[in-house]
2 protein chains.
Amino acid sequence: MLATAFTPAEGENMKIGELAGVTGTPVETIRYYEREGLLAAPARSEGNFRIYADAHAERLSFIRHCRSLDMTLAEIRELLRFKDVPTGNCGEVNTLLDAHIGHVAARIRELRALEKQLKSLRERCHEAQDAAHCGILNELSQTSRNGTKKAGHLGSVHGNVRNVMA
Amino acid sequence: MLATAFTPAEGENMKIGELAGVTGTPVETIRYYEREGLLAAPARSEGNFRIYADAHAERLSFIRHCRSLDMTLAEIRELLRFKDVPTGNCGEVNTLLDAHIGHVAARIRELRALEKQLKSLRERCHEAQDAAHCGILNELSQTSRNGTKKAGHLGSVHGNVRNVMA
DNA sequence: CTTGACTCTGTAGTGGCTACAGGTTGTCAA
DNA sequence: TTGACAACCTGTAGCCACTACAGAGTCAAG
């Protein structure tokens, strides 16, 4: 209380840019989480700016930490639910996490198989020749009936997740 | 020519459903590839149905094979360009493939690090207790400043790619 | 009083499909 | 002949987790 002008970092009354800096989250993403109901709508200043308290920073950190562990927002929503009911039993947290670890392990297995296939494909052409005789292009034209990439809800090698980095 | 009613599978004059069956590709996806310019628009029947020849099936197989290797449509577009110019040099094919192998390897490394983090997190809570004391939830609330998940254009564990399977 | 950094809302785009809605065409049996 | 039904057509919206604007408002410093 009575925090007025100072405390520029991690103070009680942050504007969105400061929260962004403190948590390493783009401003747009914070507003997105609010729209999605992951982060409660904060108080507003006279000029309609969002004013965040430490509790918001904490919750946002939780969310970002989970995201850095590649959990979906749905999974995070679930975890937040458990977090918000402290009397509840955390067995389901374990279950959720185990399931997530399973997803990651499955994706690693898939990617390893993929890597093997790609390397074997690469073996088919070692030097640059004319494309008509390129073993790689010819091999790719074969109608192979191998059912890789079943379902697993895992994600492509090339990514949607750009960078959290900061 | 003079193929009339018979040749139900892999004949010269397929309708979209048959092409879908032959290549294991959903009908909607075939139309999508056409819109995207990956697959040439085929001839049309009197009743405006798409009529495909074997060349289309071959090209679609190529595309699907590449997709099963988790290449992006942009990468596939490039490969098709090389394929369409048979006099061209395939050195760039090698380059593209090497880059793609690099992406996969990088993603595997990332996921292994992720798996390790998740397992260590899981260690924090072995039995179901009340959520307020759950080591996992508490750990996730920590503001850790580790910059996993840089960029790499790799993809989440949970996936956009549903299933190609058939 | 002006500049410029920050904030606001709302909307559109990303990739690679998928899932409709609402219509047309083709095929077969009764 | 009719009537049912599958397969086809176009067009549009939705998925996920953001990202990137446009166009307007707010605020502190010089």
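Proteins come first, then strands; the chains are lettered A, B, ... in the order of their sequence lines, and each starts at number 1.
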- Please check if the side chain of A/Arg31 supplies one atom and the backbone of A/Ile16 the other of a donor-acceptor pair under 3.5 Å. no
- Query: With a 3.5 Å cut-off and no angle check, do the side chains of A/Arg64 and A/Tyr33 form a donor-acceptor pair?
  - Reply: yes
- Nearest-angstrom distance from the residue atom CD of B/Glu18 to P of D/dC8: 9 Å
- From CD1 of B/Ile30 across to P of D/dC8 the rounded distance in Å is 9 Å
- Closer to the 5' end of DNA chain D via nearest nucleotide, is it A/Tyr33 or B/Ile51? B/Ile51
- For B/Leu38 and C/dG15, give me the distance from atom CG to atom C1', rounded to whole Å. 12 Å
- Message: Suppose we screen for side-chain hydrogen bond (donor to acceptor under 3.5 Å, both in side chains). Which residues come up paired with A/Arg112, at least two apart in sequence or across chains?
- Response: none
- Query: Should the heavy atoms of other residues, nucleotides or ligands under 6.0 Å from CD of B/Glu92 be counted, would the total exceed 12?
  - Reply: no
Run the side-chain donor-acceptor check on residues 118-126 of chain A: report pairs under 3.5 Å with partners two or more places apart or on a different chain.
{"from": "A/Arg122", "atom 1": "NE", "to": "B/Asp98", "atom 2": "OD1", "distance (Å)": "2.7"}
{"from": "A/Arg122", "atom 1": "NE", "to": "B/Asp98", "atom 2": "OD2", "distance (Å)": "3.3"}
{"from": "A/Arg122", "atom 1": "NH1", "to": "A/Cys125", "atom 2": "O", "distance (Å)": "2.6"}
{"from": "A/Arg122", "atom 1": "NH2", "to": "B/Asp98", "atom 2": "OD2", "distance (Å)": "3.2"}
{"from": "A/Arg124", "atom 1": "NE", "to": "A/Glu139", "atom 2": "OE1", "distance (Å)": "3.2"}
{"from": "A/Arg124", "atom 1": "NH1", "to": "A/Glu139", "atom 2": "OE1", "distance (Å)": "3.4"}
{"from": "A/His126", "atom 1": "NE2", "to": "A/Glu123", "atom 2": "O", "distance (Å)": "3.3"}

- Message: If the threshold is 4.0 Å, N to carboxylate O, is there a salt bridge linking A/Glu78 and A/Arg81?
- Response: yes
- May I ask you to verify if any side-chain N or O of B/Arg77 is less than 4.0 angstrom from the OP1 or OP2 atom of C/dG15? no
- Side chains of A/Tyr52 and A/Leu60 in contact at under 4.5 Å (non-hydrogen atoms): no
- Message: Taking the axis from the first five pairs and the axis from the last five, what angle separates them in the helix from C/dC1-D/dG30 to C/dA30-D/dT1, rounded to 10 degrees?
- Response: 20°
- Message: In whole Å, I'd like the distance from the CD atom of B/Glu36 to the P atom of C/dG13.
- Response: 14 Å
- For B/Tyr32, check side-chain hydrogen bond (donor to acceptor under 3.5 Å, both in side chains) against everything at least two apart and list the hits. none
- Query: Is the closest side-chain heavy-atom distance between A/Asp70 and A/His100 below 4.5 Å?
  - Reply: yes
- Message: From CE of B/Met71 over to C1' of C/dG15, roughly how many Å is that when rounded to an integer?
- Response: 17 Å
Every protein N/O within reach of nucleotides 23-30 of chain D N/O, cut-off under 3.5 Å:
{"from": "D/dC27", "atom 1": "OP1", "to": "A/Gly47", "atom 2": "N", "distance (Å)": "3.3"}

- Query: Any salt bridge between B/Arg107 and B/Glu110, counting N to O under 4.0 Å?
  - Reply: yes
- Once you round it to whole Å, what is the distance between C1' of C/dC8 and CZ of A/Arg50? 7 Å
- Message: So if I apply the side-chain contact (heavy atoms from CB on, under 4.5 Å) rule between A/Pro42 and each of A/Lys15, A/Arg50, A/Met14, which one comes out positive?
- Response: A/Arg50
- Query: Would you say C/dT18 has OP1 or OP2 under 4.0 Å from some side-chain N or O of B/Thr29?
  - Reply: yes
- Decide yes or no for A/Leu79 and A/Phe62: does some side-chain heavy atom of the first lie under 4.5 Å from some side-chain heavy atom of the second? yes
- Task: Provide, to the nearest angstrom, the distance between the CD atom belonging to A/Glu75 and the C1' atom belonging to D/dA17.
- Result: 13 Å
- Query: In whole angstrom, what separates B/Leu60's CG from C/dC17's C1'?
  - Reply: 14 Å
Please tabulate, one pair per line, each protein N/O and nucleotide N/O from nucleotides 19-23 of chain C that are separated by under 3.5 Å, including the distance.
{"from": "C/dC20", "atom 1": "N4", "to": "B/Glu28", "atom 2": "OE2", "distance (Å)": "3.4"}

- Note on the structure: Of the candidates C/dC17, D/dA17, C/dT7, the side chain of A/Ile16 sits closest to C/dT7
